[in-house]
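Small disclaimer: the values here were computed from a predicted structure and weren't measured. When a ligand or atom number is given, it counts from 1 through the structure's own listing order. FYI, side chains are in, hydrogens and waters are out, and symmetry mates aren't considered; it's all heavy atoms of this structure. Counting begins at 1 with the first residue of the sequence.
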Amino acid sequence: MVGDLLIKNATLVLPSQVVEGDLRVSSGSISSIARGGGLEPNIDEPVIDATGLHLLPGIIDPHVHFREPGHIENEDLESGSRAAAAGGVTSFLDMPNNSPNTTNRTTIERKISLASKKSVTHHGFFIGATKNNVLDLQSVEGMDGVCGIKVFMGSSTGDLLVHEQENLEEIFANTGGIIATHAEDEERLQQRKTEFNHRTDIASHAECRDVECAFLATKRAAALAKDHDHRLHIVHLTSGKEADWIQKNKADLITTEVCTQHLTFDQDDVERLGERLLMNPPIRYTEDRDALWRGLRNGAIDCIVTDHAPHSLEAKSAGFPDSPAGMPGVETSLPLMLTHAMNGKCSLTEVVRWMCEGPARVYGIRDKGALIDGHDGDLTLVDLENRRTITDSDTWTKVGWTPYAGMELTGWPMYTIVDGEVVHKREAGGSLRGTAVAKSGSSGRLLKFE
Ligand code: DOR
Ligand code: ZN
């Protein structure tokens with residue numbers, strides 16, 4: 001569905017300006033932006049009075065794990081997309097470590113078909129690389145809805161893994177589009193796992209899967225991209241060493257991302273919150289967190305993502321080292337980053353650059369990522385005035401918890417809008433969860449990638 005909508009009296013976060021004004025969406029696309037306001041409603045046109053609210057482009061989260069098919073008790077394409085909508089996210093790109101893994105045309109088509117019935121936001125999917133599926137990778141090249149090839153160079157949740165040079169060369173040599181790598185060095189990882197197997201303290205996670213693990217694989221992926229003239233996106237940078245190296249060695253071929261949690265937490269939070277913060281690659285040290293912020297500011301890092309990876313609290317309660325790695329985050333990324341902005345870590349314009357324009361540019365998603373005439377009417381109206389403390393019970397993810405529980409965040413989306421249709425709403429002073437407005441499958445489209 002596409003809609004008409006007039007938003008009046010908003011503070012518009014435009015690409016290079018933050019101004020008061022009105023914005024109109026006609027048949028799903030932005031048709032007019034009036035700095036200073038003055039747009040009058042057409043007959044029957046829905047109107048939102050956005051006095052006191054900031055209008056941003058809808059967030060694009062290009063790194064989520066929505067668990068369908070395989071573990072829909074933890075998330076499915078409906079619950080994940082509703083969580084996204086609750087957080088102002090209007091487009092998501094979903095990872096292939098499912099059960100079965102999404103590694104061929106049939107499994108990709110199945111996800112696309114499920115999403116068309118269940119998702120309330122725009123959606124795209126990665127195909128996963130294995131040691132021997134180059135033909136499958138080729139079979140979905142250029143297909144609508146397929147954003148790229150995910151290569152797990154180090155093992156993580158699930159069994160997708162390609163780490164031998166010969167197999168990596170084959171993939172880089174014989175495919176097109178974007179390769180997105182989970183860059184941790186498998187050989188070093190396995191060797192260190194043996195060395196660390198007597199340690200059960202959670203601090204040993206970051207010591208074992210150390211910066212060198214990540215750095216080795218990041219350099220290796222960059223070399224493969226250059227040798228084969230292949231577009232490469234390195235997912236979740238976690239260390240200052242990687243960010244500094246990328247800044248010096250980044251060619252046009254290479255883009256990178258950072259997770260909200262790596263910008264927010266450090267070793268002390270891991271100690272305090274335990275398994276909830278367990279993920280791969282790990283939350284590291286204060287100096288890494290600070291370096292990742294520098295990486296965003298100096299352009300080494302192109303976008304901010306969540307790596308939304310829901311595991312149940314019951315599974316997490318197994319305790320380190322048996323707890324699964326990963327945490328939910330798709331519904332909290334925008335309030336979290338806006339809270340960082342209000343605390344002086346960055347500007348609103350930077351939040352939009354890193355969470356909207358950046359992902360659109362990295363993946364070649366046309367007409368999204370900025371408030372520009374003619375762009376799609378994917379929007380979020382946020383309230384920067386009210387700080388509210390989030391608890392586990394405020395979440396939409398099926399696993400029902402958030403690593404940010406107990407934190408006071410501002411910038412909650414009061415309206416999330418997809419193609420001009422409101423899909424999620426909150427009332428001032430109402431529940432923090434708000435209300436899901438869209439029927440499953442009624443809004444959001446399959447994304448196309450240039
Ligand atoms: O911590 C993680 N969890 N890292 C990954 O690479 C995968 C993810 C998951 O799917 O649970
Ligand atoms: Zn991931």
Side-chain angles (χ1 to χ4, degrees), residues 61-77 80 83-84 92-103 111 124-129 147-163 178-186 189 193 202 205-206 208-209 213-214 217-218 221 233-239 256-262 265 270 273-284 303-316 318 320-330 333 359 362-363 397-399 401 403:
D61 189 342
H63 189 156
V64 301
H65 299 258
F66 281 169
R67 308 296 190 216
E68 181 162 14
H71 286 288
I72 59 173
E73 71 284 6
N74 286 345
E75 206 76 284
D76 64 25
L77 288 160
F92 66 81
L93 304 182
D94 182 48
M95 289 295 170
N97 54 331
N98 297 108
S99 187
N101 289 319
T102 312
T103 50
K111 265 198 180 180
F125 300 98
F126 286 91
I127 184 164
C147 53
I149 298 168
K150 175 72 182 283
V151 181
F152 282 87
M153 295 172 74
S155 46
S156 190
T157 303
D159 57 4
L160 285 176
L161 176 66
V162 185
H163 66 107
I178 299 186
I179 291 181
T181 49
H182 175 124
E184 288 187 282
D185 186 80
E186 183 66 10
L189 215 64
K193 270 190 187 164
I202 197 153
H205 186 59
C208 174
R209 297 180 91 111
C213 269
T218 286
H233 181 70
I234 306 175
V235 304
H236 44 41
L237 294 193
T238 52
S239 65
T256 70
E257 66 182 37
V258 62
C259 295
T260 43
Q261 53 272 47
H262 291 115
F265 296 128
V270 173
L273 295 171
E275 292 79 19
R276 284 187 176 217
L277 295 200
L278 187 69
M279 71 170 291
N280 300 326
I283 308 282
R284 302 195 189 278
C303 53
I304 296 175
V305 312
T306 66
D307 197 2
H308 177 87
H311 292 282
S312 69
L313 281 179
E314 194 193 346
K316 283 283 194 186
F320 183 78
D322 300 319
S323 317
M327 65 187 88
V330 71
S333 58
V362 166
Y363 286 97
T397 173
K398 272 197 189 178
V399 293
W401 65 276

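At a heavy-atom cutoff of 4.0 Å, ligand 1 is contacted by the side chain of N97 but not by its backbone. Contacts between R67 and ligand 1, counted as non-hydrogen atom pairs separated by less than 4.0 Å, involve the side chain only. At a heavy-atom distance under 4.0 Å, only side-chain atoms of H65, from C-beta outward, approach ligand 1. No part of M95 comes within 4.0 Å of ligand 1, judged by heavy-atom distances. When heavy-atom distances to ligand 1 are checked against a 4.0 Å cut-off, S156 comes that close only through its side chain, counted from C-beta outward. No part of M327 comes within 4.0 Å of ligand 1, judged by heavy-atom distances.
Using modelled atom types, no side-chain atom of N101 and backbone atom of D159 make a donor-acceptor pair closer than 3.5 Å. Of the possible polar contacts, none joining the E75 side chain to the V399 backbone as a donor-acceptor pair under 3.5 Å is found. Formation of a donor-acceptor pair under 3.5 Å by the E257 side chain with backbone atoms of V235 is not found in this model. Without hydrogens or angle criteria, H262 side chain to P282 main chain gives a donor-acceptor distance under 3.5 Å.
With respect to H182, the side chain to side chain contact (heavy atoms under 4.5 Å, CB included) criterion is satisfied by exactly one of N280, D307, V151: N280.
Taking the six-membered ring where the residue is Trp, F320 and H205 present perpendicular rings, their angle passing 60° and hence far from 30°.
At a threshold of 2.8 Å, the Zn ion (ligand 2) has a backbone or side-chain N, O or S atom of H63 nearer than that distance. At least one N/O/S atom of H65, from backbone or side chain, sits under 2.8 Å from the Zn ion (ligand 2).
Close approach to F152 involves these atoms of ligand 1, each under 4.0 Å from a residue heavy atom: 6 (O). Taking every non-hydrogen atom of A309 and a distance limit under 4.0 Å, the qualifying atoms of ligand 1 come out as 3 (N), 8 (C), 9 (C), 11 (O). Numbered from 1 in the order shown, with element, the atoms of ligand 1 that lie under 4.0 Å from a heavy atom of M279 read 1 (O). Under a 4.0 Å criterion applied to the non-hydrogen atoms of H311, ligand 1 contributes the atoms 11 (O). For ligand 1, the atoms lying closer than 4.0 Å to a non-hydrogen atom of H182 are 6 (O).
For the pair S323 and K316, the tightest heavy-atom approach, listed with the atom from each and the gap, is OG-O, 2.8 Å. Contact record, P281 with T238: CG-CG2, 3.6 Å, taken as the closest heavy-atom pair. Across M327 and P403, no two heavy atoms sit closer than the pair SD-CG, 3.7 Å.
Take F92 and apply the ring pair (Phe, Tyr, Trp, His ring centres under 6.0 Å) test, not counting sequence neighbours, and it matches F66. Among residues two or more places apart in sequence or in another chain, the side-chain hydrogen bond (donor to acceptor under 3.5 Å, both in side chains) test is passed with R67 by H311.
Note on ligand 1: H308 sits outside its first shell, no heavy atom being nearer than 4.0 Å.
Looking only at heavy atoms of the protein, atom 3 (N) of ligand 1 is closest to A325 O, 2.9 Å. Atom 4 (N) of ligand 1 has as its closest protein heavy atom N280 O, 2.8 Å.
The Zn ion (ligand 2) is closest to atom OD1 of D307 (considering only N, O or S atoms).
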